[in-house]
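Each remark here refers to the structure printed beneath this line.
This is a predicted model, so every value here is computed, not measured.
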Amino acid sequence: MSGIINDVKSGLKGIRGAGDAIRGTAMEKTDQAFDNDAKHPQTQLSQAQHRDIIEKGKQDIAGTDHMVGRHEQKKDAKAAAAAGIPSTTQTTTTKTTTTGAAPGTTAGAGLGETTTEASGVNSHVV
């Protein structure tokens, strides 16, 4: 039961985040339209507050999107298991070396490593 309550809370947080992003953007545009002195300390403070509202709203939306994605993955894994299709997780590591750097530059001096994880369900087309 608490899982459902947490899902509802997360959903409401995402809706509030969308509202905050819209509100912050509208307030920012209104200030830009009516402020004559962009260097005034009150104007700069107001702009910073609006940007903070927008960013917090975007973070709330992203958190909700992540929660929905987790639920979709669980649902897909359950459906695949019911259909007898194995679920897989794949990790790939790629190492790259850059050579031929111009003298006096640091490009090509190191070794880079990128790790990519992909998880999902194998699907079969019939």
Side-chain angles (χ1 to χ4, degrees):
M1 187 61 130
S2 67
I4 294 171
I5 293 171
N6 288 335
D7 292 346
V8 170
K9 285 181 181 179
S10 294
L12 292 174
K13 189 174 183 180
I15 292 168
R16 187 190 69 211
D20 285 348
I22 293 168
R23 179 174 60 98
T25 303
M27 290 169 56
E28 185 178 50
K29 297 301 179 188
T30 301
D31 283 350
Q32 287 175 357
F34 292 111
D35 283 338
N36 294 329
D37 186 10
K39 304 252 185 219
H40 190 274
Q42 186 63 32
T43 301
Q44 291 177 345
L45 177 64
S46 179
Q47 289 173 347
Q49 289 172 340
H50 300 323
R51 282 191 298 271
D52 289 344
I53 291 170
I54 293 168
E55 288 306 312
K56 180 158 182 353
K58 287 180 180 179
Q59 289 173 359
D60 288 347
I61 293 169
T64 300
D65 187 43
H66 181 69
M67 184 264 314
V68 169
R70 283 194 326 258
H71 282 295
E72 288 297 317
Q73 287 177 344
K74 287 179 185 177
K75 186 175 85 173
D76 289 347
K78 285 181 183 179
I85 301 171
S87 177
T88 61
T89 301
Q90 175 182 353
T91 302
T92 306
T93 302
T94 306
K95 292 188 179 192
T96 57
T97 305
T98 306
T99 58
T105 66
T106 58
L111 191 60
E113 183 174 316
T114 305
T115 302
T116 306
E117 290 189 22
S119 63
V121 176
N122 292 336
S123 60
H124 300 283
V125 176
V126 180

Return a table of donor-acceptor pairs under 3.5 angstrom between the side chains of residues 57-64 and protein atoms on other chains or two or more places apart.
residue, atom, partner, partner atom, Å
Asp60, OD2, Arg16, NH2, 3.2
Asp60, OD2, Lys56, NZ, 3.4
Thr64, OG1, Ser10, O, 2.8
Thr64, OG1, Gly14, N, 3.1
Thr64, OG1, Asp60, O, 3.1

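Counting only distance, with no hydrogens or angles, the side chain of Ser46 and the backbone of Gln42 share no donor-acceptor pair below 3.5 Å.
Within the structure, the salt bridge (charged side-chain N to carboxylate O under 4.0 Å, His left out) test picks out the following pairs touching residues 22-43 (sequence neighbours left out): Asp20-Arg23.
Rounding to the nearest 0.5 Å gives a distance of 11.5 Å between NZ of Lys78 and CG of Asp76. Here the CD1 atom belonging to Ile4 is positioned 13.5 Å from the NZ atom belonging to Lys9, to the nearest 0.5 angstrom.
Residues satisfying the salt bridge (charged side-chain N to carboxylate O under 4.0 Å, His left out) test with Lys74, not counting sequence neighbours, are none. Applying the side chain to side chain donor-acceptor pair (under 3.5 Å) rule to His71 yields the partners Asp7; only residues at least two apart in sequence or on another chain are considered. Applying the side chain to side chain contact (heavy atoms under 4.5 Å, CB included) test to Gln47 and every residue at least two apart in sequence or in another chain returns Thr43, Arg51.
Leu45 belongs to no multi-residue hydrophobic cluster, having no ILVMFWY side-chain contact under 4.5 Å with any other such residue.
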